[in-house]
Amino acid sequence: MTLFQRHFLSDADFSASDIETVLHLAGEFKSSRSQNAYLSGKHLALVLEKTSTRTRIAFEVAMKRQGGFVTTLDYGMSQLGLRESIADTASVLDRIYDVIAYRGIHHDEAQTLSHQSSKPVINALTDIWHPTQALADYFTMYEVKNPSSWKDVNVAYVGDGHNNVANSLLTTGALLGANIRIAAPESLQPEFTIEARALEAAAESGARILITEDPLEAVLGADFVYTDVWVSMGEPIDAWNERINLLRDYQVNSALMNATKNSEAKFLHCLPAIHDSHTEIGQQIASNYGITDGVEVTDEVFKSPASIVFQQAENRLYTIEALLVLLASETYRQDV
């Protein structure tokens, strides 16, 4: 089934075959490093309710590499959410743009955009899903391990397992057939509906899923150890108190990496990471909680040869580039 003109709001919107199609094309774009014109004359509306670094630059550069154009709409620079509803804005964008990417707080607003738009809507991050991140994650894993099958890939996510990154990592992995373990306190484990959907996909793909409170159980034999910040964008600063108390034992450090019993195990993080006290938040945490050598990951692991976080960040470009071409290019469809 073609991906042309389809929405991509959650990882579950795509089949395993769809995901493989995106990853294959991303590999072609990365290996050629050449600029194409599959999106010549196409316009992307990049709607940012939340601040962004990697997502923003990946979408902007991807469109340019393919001959397209981008309008970036920050909430502070438009009427969106202030004087105009997202439904009304969507109706305007649908008439002017060829594809829309939305990065915001509430997933139902991304759904509203898609309901009001005949053009493809891409979820560039909401409170429940981060599907473009998962595409880059699995592309990076494939690039590093080059497995004969996804069943040979063992991924351990450690930390806050209730967030959008964990949801997307779990769901995409289950669709592909990888082995996914999530280690988190019971109160920060994936919601039942997310886990149930992943288990359903795993029954078809052969993926093995483990949700546990024990980080040592999760990382044993892992090829990749993944974590994310303990408090996400938009959450109150007061959340740090609770999260640090819950997650102190889930920090990715050298001891946890060694517990994989796999000398080739790699470290992944969607970034930004609090791995030292050189940022404003890092300084606050060091001052308030006495944690000076990283929070969710130590500086030692973050800067170690096992860390492939910047390769992972670079791959946001190629996977988003492939996604945009597949969803919005008639030219590519004719070529293939």
Side-chain angles (χ1 to χ4, degrees), residues 1-4 6 8 11 14-42 44 46 53-70 98-99 101 120 122 124 130-155 168-169 172-173 175-178 205 223-224 226 264-271 305-336:
M1 181 178 179
T2 180
L3 297 183
F4 184 64
R6 288 190 31 206
F8 187 45
D11 307 75
F14 279 9
S15 67
S17 176
D18 294 335
I19 296 166
E20 293 277 17
T21 297
V22 177
L23 301 186
H24 177 75
L25 185 57
E28 289 186 4
F29 287 156
K30 185 171 184 178
S31 62
S32 69
R33 305 277 179 166
S34 61
Q35 298 191 26
N36 300 289
Y38 287 128
L39 296 172
S40 177
K42 299 291 185 179
L44 163 70
L46 178 58
T53 300
R54 280 149 294 278
T55 299
R56 179 174 188 159
I57 62 178
F59 272 101
E60 290 179 348
V61 174
M63 283 298 290
K64 185 172 183 179
R65 277 169 55 90
Q66 291 296 335
F69 305 91
V70 182
D98 302 288
V99 59
I122 300 171
H130 198 354
T132 61
Q133 178 65 54
L135 290 176
D137 296 339
Y138 282 96
F139 179 69
T140 305
M141 292 182 217
Y142 189 85
E143 193 174 48
V144 169
K145 188 174 172 64
N146 192 25
S148 58
S149 165
W150 284 107
K151 292 180 175 62
D152 298 328
V153 177
N154 301 297
V155 188
S168 286
L169 189 77
T172 296
L175 286 164
L176 289 171
S205 69
D223 300 299
F224 302 95
Y226 198 134
E264 300 298 317
K266 302 299 182 184
F267 171 70
L268 293 168
H269 194 301
C270 59
L271 302 181
S307 177
I308 53 173
V309 297
F310 296 115
Q311 178 179 347
Q312 181 186 6
E314 178 192 356
N315 285 337
R316 296 295 306 281
L317 169 60
Y318 306 110
T319 47
I320 285 174
E321 185 178 5
L323 182 65
L324 286 167
V325 166
L326 288 163
L327 297 186
S329 172
E330 299 97 334
T331 307
Y332 179 78
R333 294 175 72 223
Q334 291 168 3
D335 283 357
V336 298

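None of the values given here were measured: they were computed from a predicted structure.
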Quick one: closest heavy-atom pair of [X] and [Y], and the distance?
{"X": "A134", "Y": "D11", "result": "CB-OD2, 3.4 Å"}
{"X": "A265", "Y": "A306", "result": "O-CB, 3.6 Å"}
{"X": "P120", "Y": "D98", "result": "CD-O, 3.3 Å"}
{"X": "P305", "Y": "K266", "result": "O-NZ, 4.0 Å"}
{"X": "T132", "Y": "T319", "result": "O-OG1, 4.4 Å"}
{"X": "F4", "Y": "R333", "result": "CG-CD, 3.1 Å"}

Exam field: side chain [X] to backbone [Y], donor-acceptor pair closer than 3.5 Å:
{"X": "Q312", "Y": "H269", "value": "yes"}
{"X": "K30", "Y": "L317", "value": "no"}
{"X": "S149", "Y": "D152", "value": "no"}
{"X": "S329", "Y": "Y38", "value": "yes"}
{"X": "T172", "Y": "L169", "value": "no"}

Task: T53, T55, D137 screened by side chain to side chain donor-acceptor pair (under 3.5 Å) with R316, the one that passes - done: T55

Task: Verdict with reasoning, L23 to Y142, per side chain to side chain contact (heavy atoms under 4.5 Å, CB included) - done: CA-CA 9 Å; L23 301 186; Y142 189 85; 5.6 Å; no

- [ ] Assess the pair F29 and Y318: is the distance between their ring centroids shorter than 6.0 Å?
- [x] no

Measuring from [X]:[atom1] to [Y]:[atom2], what's the distance to the nearest 0.5 Å?
{"X": "E20", "Y": "S15", "atom1": "CD", "atom2": "OG", "result": "9.5 Å"}
{"X": "Q133", "Y": "Y138", "atom1": "CD", "atom2": "OH", "result": "11.5 Å"}
{"X": "L46", "Y": "R56", "atom1": "CG", "atom2": "CZ", "result": "7.0 Å"}
{"X": "L44", "Y": "L39", "atom1": "CG", "atom2": "CG", "result": "9.0 Å"}
{"X": "D223", "Y": "K145", "atom1": "CG", "atom2": "NZ", "result": "3.5 Å"}
{"X": "N36", "Y": "E28", "atom1": "CG", "atom2": "CD", "result": "9.5 Å"}

Task: Non-hydrogen side-chain atoms of Q66 and L324 separated by less than 4.5 Å - done: no

Open item on the list: Test side chain to side chain contact (heavy atoms under 4.5 Å, CB included) on Q311 and E143; report intermediate values, then the result.
Closed with: CA-CA 10 Å; Q311 178 179 347; E143 193 174 48; 2.7 Å; yes

Task: Stepwise side chain to side chain contact (heavy atoms under 4.5 Å, CB included) check, F14 with L323 - done: CA-CA 11 Å; F14 279 9; L323 182 65; 3.8 Å; yes

- [ ] Could you please spell out the steps behind the side chain to side chain contact (heavy atoms under 4.5 Å, CB included) verdict for V22 and F139?
- [x] CA-CA 9 Å; V22 177; F139 179 69; over 6 Å; no

